[in-house]
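Since the model is a prediction, treat every value here as computed from it, not as a measurement. So that the names make sense, note that chain A is the first sequence line, chain B the second, and so on, each numbered from 1.
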Amino acid sequence: MLDIKFIRQYPDKVKEGCSKKMVIVDIDQLLDVDRRRRGTIQAVEDMKAKKNEASKQITVADEKEKKKLIMEMRELDTNSDRLDKSMKELDEEFNDLMLQIPNMPLDDVPVGRSDKENSVLRKWGNETKFNFPAKDYLAIGEEFDLIDVKRAAKVAGTRFGYLKREGALLEMAIVNFTFDFLVKKGFIPIIPPVMLKTEMARGMGYLEQSDKEEAYYLPQDDMYLIGTSEQAIGTMHSGEIFSEKDLPVRYVGFSTCFRREAGAYGKDTKGILRVHQFDKIEMFSFCSPEKSKEEHKFLLSMEESLMRALKIPYQVLNICTGDLGRPAAAKFDIEAWLPSENRYRETHSTSNCTDFQARRLDIRYKDKTGKLGFVHTLNGTAFAIGRTIIAIIENYQQKDGSIKVPNVLQKYTSFKKIAMK
RNA sequence: GGAGAGGUACCGAAGUGGUCAUAACGGAGCCGCCUCGAAAGCGGUUAGUCCCCUUAAGGGACACGUGGGUUCGAAUCCCACCCUCUCCGCCA
């Protein structure tokens, strides 16, 4: 959510931000509702002030005076009912419009219409080439019985997978390695709930329009399954006030993530690249507003360090305004090299959501002088484990058909390569 | 799932229709006084959001878990929901 005061003051900036993000919202209509709403607030408050004054008098008035005042107040009530009703309508309209407005992109975010206009910031590592016929991850995974999507389809349907044998063990190794790495950097390890109350899901800004279709909803309990642990970590401090000296507060969370992939029919239908359920390690920061740009770079540097530790070639994308999504003010993606596709595929994403989520969730901080302000929230993928395993299998396949385990992970596994069924 | 108790400030807690929310009382934190220093004691302080006005100052509304209702008036009475705790049942 944006600050209405900011919208009043800089309507043109907000309109520009919306159009850069390819979001259509009628800002003039919002400002009109805002004007009418404030007028009504004034009228309602005047009336309440009158009633409060009369109430005070009633307590000290004599019997005759009291009766007269009560009659007057009864009459006033018929008017106030009408006002209350239009107040409620205006509030609803106002909130509706406010929730539609996306976060403003930061000034240095490149302007573009869609993901086709994202720019490559840098590349790391040499794109893996083999002097033997390379296989794709699914062929190798099935050969060694690491991945089983056929039986998953029987049991749960398409877009599910079993991770088996060394595949399952590899997941544990990645989790342990990543937690060791990030806890040493000061991140607080956490395993969050994977279900959210509706109000919390809304607070994270993922329930508006098409985003809503992406989440699994449990009607019996009015709850949502999380699409990423970001949603359960960001909401953790809702309604709370940090001391500025305690910021930044950084978490590393592990959770299963659930996505309906409603708009992705026909896309990546094979294998486990795009599935309804996967495990992910996620970083999340709460920081002061002045530090969020720096914090964003820090999260990106953590992502890159992790990829370099695994020695998987990657590129960093600077996401353009049209591809940011609603809550983000700036975003970087990392794509890992997949030899079988001869291209990079997304494995990481880190967003600076500035105060957009903090406003909705009422997460503030108190500075040295006692002044309150909204914190900035940021998130970044440490590893989406399924896709990381895909990248490892493909980039680490050997001429003899085996898969080497990346050096940094060997400490966390009892095997150095995967060669036997 | 059944039965009960409860949610008030940083924490504990009183208040059970109006003079009790700038919220009694107790504790904790911070600042100051006292002291060579500390403890004790004393004094101060620890919330906000919105609207009007805006240079400042000021005025008003709301805030007793959340949302409704009853009433001239609700922390207090009624309804729904959320959360916490205790006991029983079930359970990894």
I want to check one thing: is the phosphate of B:C62, taken as OP1 and OP2, less than 4.0 Å away from some side-chain N or O of A:Asn52?
yes
Taking the same atom, P, in B:G67 and in B:C85, what whole-Å distance lies between them?
23 Å
Whole-Å distance separating the CE atom of A:Met200 from the C1' atom of B:G65:
12 Å
When the P atoms of B:A14 and B:C77 are compared, how many Å lie between them, rounded to an integer?
15 Å
Under 6.0 Å between ring centres, would you say that holds for A:His276 and A:Phe160?
yes
Short side-chain N/O contact from A:Arg38 to OP1 or OP2 of B:C52, under 4.0 Å
yes
Nearest-angstrom distance from the residue atom CD of A:Gln42 to C1' of B:A61:
9 Å
Phosphate-side-chain proximity, A:Lys48 and B:G60, N/O vs OP1/OP2 below 4.0 Å:
no
Nearest 0.5 Å, what's the CG-CG distance between A:Asn118 and A:Asp333?
7.0 Å
Using both distances under 3.5 Å as the test, list the Watson-Crick or G-U wobble partner of B:G73, or none.
none
Looking at A:Arg8, does any N or O in its side chain come under 4.0 Å of the phosphate oxygens OP1/OP2 on B:C51?
yes
Nucleotide opposite B:G89 in a Watson-Crick or G-U pair, distances under 3.5 Å:
none
Over how many whole Å does the gap from A:Ile363 atom CD1 to B:U49 atom P extend?
16 Å
Identified pairing partner of B:A61, criterion: Watson-Crick or G-U wobble below 3.5 Å:
B:U49
In whole Å, measure the gap between the P atoms of B:A13 and B:G68 for me.
29 Å
A:Phe242 atom CZ is separated from B:A47 atom P, nearest whole Å, by 18 Å
Ignoring hydrogens and geometry, is there a side-chain-to-backbone donor-acceptor pair from A:Arg387 to A:Leu273 under 3.5 Å?
yes
Using the C1' atom on both, measure B:U46 against B:C50 and round to a whole Å.
23 Å
Is it the case that A:Asp246 and A:Tyr365 place a side-chain donor and acceptor less than 3.5 Å from each other?
no
Mate of B:G32 where both pairing distances stay under 3.5 Å, Watson-Crick or G-U:
B:C42
For the pair made of CE in A:Met87 and P in B:C50, what is the distance, rounded to whole Å?
14 Å
By the Watson-Crick or G-U definition, both distances under 3.5 Å, B:A23 is matched with none
B:A56 pairs with which nucleotide, Watson-Crick or G-U wobble, both distances below 3.5 Å?
none
Whole angstrom is fine here: how far is it from NZ in A:Lys197 over to P in B:G65?
15 Å
Taking the six-membered ring for Trp, is the centroid-to-centroid distance between A:Phe286 and A:Phe242 below 6.0 Å?
yes
Using a 4.0 Å heavy-atom cut-off, does A:Arg37 contact any base of the nucleic acid, only the sugar-phosphate backbone, or nothing at all?
nothing
Pair partner, B:A80 [Watson-Crick or wobble, under 3.5 Å]:
B:U66
Remember a base hit wins even if backbone is also touched, and classify A:Ala49 as base, sugar-phosphate or nothing at under 4.0 Å, heavy atoms.
sugar-phosphate
Is the distance from the ring center of A:Phe332 to that of A:His296 below 6.0 Å?
yes
Considering only the P atoms, how many Å lie between B:G26 and B:A38, rounded to the nearest integer?
26 Å
From C-beta outward on A:Glu45, which listed nucleotide comes closest to its side chain: B:C82, B:A61, B:U49?
B:A61
Pick the P atom in B:G89 and in B:A3, then give their distance to the nearest Å.
16 Å
Whole Å only: how far is the CG atom of A:Asn95 from the C1' atom of B:G67?
14 Å
How many angstroms lie between CE in A:Met302 and CZ in A:Arg250, if you round to the nearest 0.5 Å?
8.0 Å
Whole angstrom value for the distance that separates C1' of B:G67 from CG of A:Asp91:
14 Å
In whole Å, what separates the C1' atom of B:U54 from that of B:G59?
12 Å
When you compare B:G69 with B:C64, how far apart are their P atoms, in angstrom units rounded to a whole number?
16 Å
Heavy atoms under 4.0 Å, any strand shown: does A:Arg36 hit a base, just sugar-phosphate, or nothing?
nothing
